[in-house]
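Okay, structure first, notes after.
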Amino acid sequence: MQQRHTPAARARAAATAVGLLAALTACAPGTGGEGIVVTTNILGDITREVVGGEAEVTVLMKPDADPHSFGISAREAATLENADLVVHNGLGLEEGIARNVTAAEEAGVPALEVGANVDPLPYASDESEGEPDPHFWTDPERVLTAVDLITEHVVEEVEGVDAEAVRANAEAYAVQVAELDAWMAEEFGALPEENRRLVTNHHVFGYLADRYGFEVIGAVIPSGTTLASPSTSDLKDLSDAVAEAGVSTVFADSSQPDRLATVMAEEAGVEIEVVPLFSESLSREGGGAATYLEMMRANTEAIAAGLGGD
């Protein structure tokens, strides 16, 4: 017996079909709907300051993580591919999720590679020499450029935001970053020139050195990534350079153990203090570097104190 459908039944079926189509469209890559997705927590904090309450901002990298090695779940990857805008550092920093960012771009998601657009510097030495350095945030002046870039991309790519509100947020935050820059210049300016010599656990402070007149003696891991490993000869070469330069402090990233830095200090045959810095990741709330501004102030105070400042 042939089943007959009443008008009401046909209407219900049509509504169901429309609902299913809408659900499938919402889940399709590149169609947006997940707000702004940011890869690193440093850029996440900056983006949230710019966006305010105008859009949802999802930050993939957890506090106290290593940007070179962190990964994401399948759910987070799906969120990335359904974003209205992806903000990522780029220049090889987020090594663990580079393929996910590429997949999102291939799916048609608008993406801003901040590092490539802030006049990046090349690494000056060792394994990464000549390659673009992704650690631009240690120079607040370049962060001001990043604020402008993020602002314009949010206004252009994210539907429903109040452009005037976003630009006002960005302007207010830029004032704070400019004040940070002036304060850092004053703090570092109090250091004798011969004390402005940096040794770190890997090459991460090239921009800070360029901005404020430091000399980078070397790095325990002679690379721009924490995924590399130093050889015995690398440690010997650096310890010799440290001893010759009379450096008394080595700075190690707070997310990385300082064992190698300690071994290098012992190899140098001089008394060296290993001081932790928040160089590549924000901390959890209350951890001393929960925001970009807090992180940079903490690092400035630690560097100035470690190198003989007041």
Tell me, do Thr200 and Val250 make a side-chain contact under 4.5 Å, heavy atoms counted? no
Under a single-linkage definition using a 4.5 Å side-chain heavy-atom cutoff for Ile, Leu, Val, Met, Phe, Trp and Tyr, are Met61 and Leu91 assigned to the same hydrophobic cluster? no
Nearest heavy-atom approach of Ala304 to Leu191 is O-CD2, 3.8 Å
Could you grab the distance from atom OG1 of Thr39 to atom CG of Leu80, nearest 0.5 Å is fine? 8.5 Å
Contact between Val158 and Ile36 at the side-chain level, heavy atoms closer than 4.5 Å - yes or no? yes
Give the C-alpha distance, both sets of side-chain angles, the deciding distance and a yes or no for ring pair (Phe, Tyr, Trp, His ring centres under 6.0 Å) between Phe251 and Phe205. CA-CA 10 Å; Phe251 299 99; Phe205 284 104; 7.5 Å; no
Okay, side chain of Glu157, backbone of His153: is any donor-acceptor separation there less than 3.5 Å? no
Please name the pair of heavy atoms, one in Phe278 and one in Gly287, separated by the smallest distance, quoted to 0.1 Å. CZ-O, 3.4 Å
Leu307 and Thr249: side chain to side chain contact (heavy atoms under 4.5 Å, CB included), yes or no, with the steps? CA-CA 7 Å; Leu307 298 181; Thr249 305; 4.3 Å; yes
Test side-chain contact (heavy atoms from CB on, under 4.5 Å) applied to Glu280 and Val204, Thr138, Asn89, the passing residue: Val204
Evaluate side chain to side chain contact (heavy atoms under 4.5 Å, CB included) for Val109 paired with Leu85, printing each intermediate quantity in order. CA-CA 6 Å; Val109 178; Leu85 172 66; over 6 Å; no
Mind listing the closest non-hydrogen atom pair of Val38 and Gly44 along with its distance? CG1-N, 3.4 Å
When rounded to the nearest 0.5 angstrom, what is the spacing between CG in Leu282 and CG in Asp64? 9.0 Å
Could you measure the distance from the CD atom of Glu95 to the CG atom of Asp66? Nearest 0.5 Å is fine. 8.5 Å
Would you check, one step at a time, whether the test salt bridge (charged side-chain N to carboxylate O under 4.0 Å, His left out) holds for Glu76 with Lys62? CA-CA 12 Å; Glu76 289 170 323; Lys62 304 299 185 289; 3.1 Å; yes
Using a 6.0 Å cut-off, check whether atom CD of Glu171 has over 12 heavy atoms from anything other than its own residue. no
For Glu113 and Gly90, work out which heavy atoms get closest and say how close. OE2-CA, 3.4 Å
In terms of heavy-atom contacts, Gly288 and Ser283 come closest through N-OG, 3.5 Å
Check the angle between the aromatic planes of Phe188 and Phe214 and answer parallel, tilted or perpendicular using the 30° and 60° thresholds. perpendicular
Could you tell me if the side chain of Leu149 sits less than 4.5 Å from the side chain of Val118, heavy atoms only? yes
Hey, any chance Met296 and Val216 share a hydrophobic cluster, counting ILVMFWY side chains that come within less than 4.5 Å of each other, even indirectly? no
Take Val143 and Leu180 through the test side chain to side chain contact (heavy atoms under 4.5 Å, CB included) and record every step on the way to the result. CA-CA 11 Å; Val143 169; Leu180 169 73; over 6 Å; no
Are side-chain heavy atoms of Phe136 and Pro120 found at a separation under 4.5 Å? no
So is Arg142 actually on top of Trp137's ring, under 6.0 Å and inside 45° of the axis? no
Under a 3.5 Å threshold, yes or no: a donor from one side chain and an acceptor from the other, between His68 and Glu94? no
Tell me which pairs pass salt bridge (charged side-chain N to carboxylate O under 4.0 Å, His left out) where either residue lies in residues 35-60, with sequence neighbours left out. none
Residues Glu152, Arg167; criterion salt bridge (charged side-chain N to carboxylate O under 4.0 Å, His left out); working and verdict: CA-CA 8 Å; Glu152 293 312 310; Arg167 290 196 171 102; 3.0 Å; yes
Among Val86, Val37, Thr40, exactly one meets side-chain contact (heavy atoms from CB on, under 4.5 Å) together with Leu60. Which residue is that? Val37
Measure from the side-chain N and O atoms of Asp181 to the backbone N and O of Glu141, and report whether any donor-acceptor pair falls under 3.5 Å. no
Between the OG1 atom in Thr145 and the CG atom in Asp119, the distance rounded to the nearest 0.5 Å is 8.5 Å
So, taking the atom named OG in Ser279 and the one named CD1 in Ile42, what distance separates them when rounded to the nearest 0.5 Å? 8.0 Å
NE2 (His203) and OH (Tyr123) are apart, to the nearest 0.5 Å, by 8.5 Å
Pair Asp133-His135, side-chain donor/acceptor within less than 3.5 Å: yes
Would you please say whether a donor-acceptor pair under 3.5 Å links the side chains of Thr79 and Glu34? no
Flag, side chain of Asn169 to backbone of Ala165, donor-acceptor distance under 3.5 Å: yes
How close do Pro63 and Ser281 get, heavy atom to heavy atom, and via which atoms? C-OG, 3.9 Å
Report yes or no: do Val154 and Leu144 belong to one cluster of Ile/Leu/Val/Met/Phe/Trp/Tyr joined by side chain heavy-atom distances under 4.5 Å? yes
Does Thr47 reach the side chain of Val87, with side-chain heavy atoms less than 4.5 Å apart? yes
Is any side-chain heavy atom of Met184 closer than 4.5 Å to a side-chain heavy atom of Pro140? yes
Got a donor-acceptor contact below 3.5 angstrom from the Asp210 side chain to the Gly206 backbone? no
So, do His88 and Ile97 sit near enough that their side-chain heavy atoms are less than 4.5 Å apart? no
Is there side-chain contact between Asn100 and Ile72, with heavy atoms separated by less than 4.5 Å? yes
Would you tell me whether Asn41 and Tyr292 have side-chain atoms, one donor and one acceptor, within less than 3.5 Å of each other? no
Main chain of Glu215, side chain of Arg196: is a donor-acceptor contact present, judged purely on distance under 3.5 Å? no
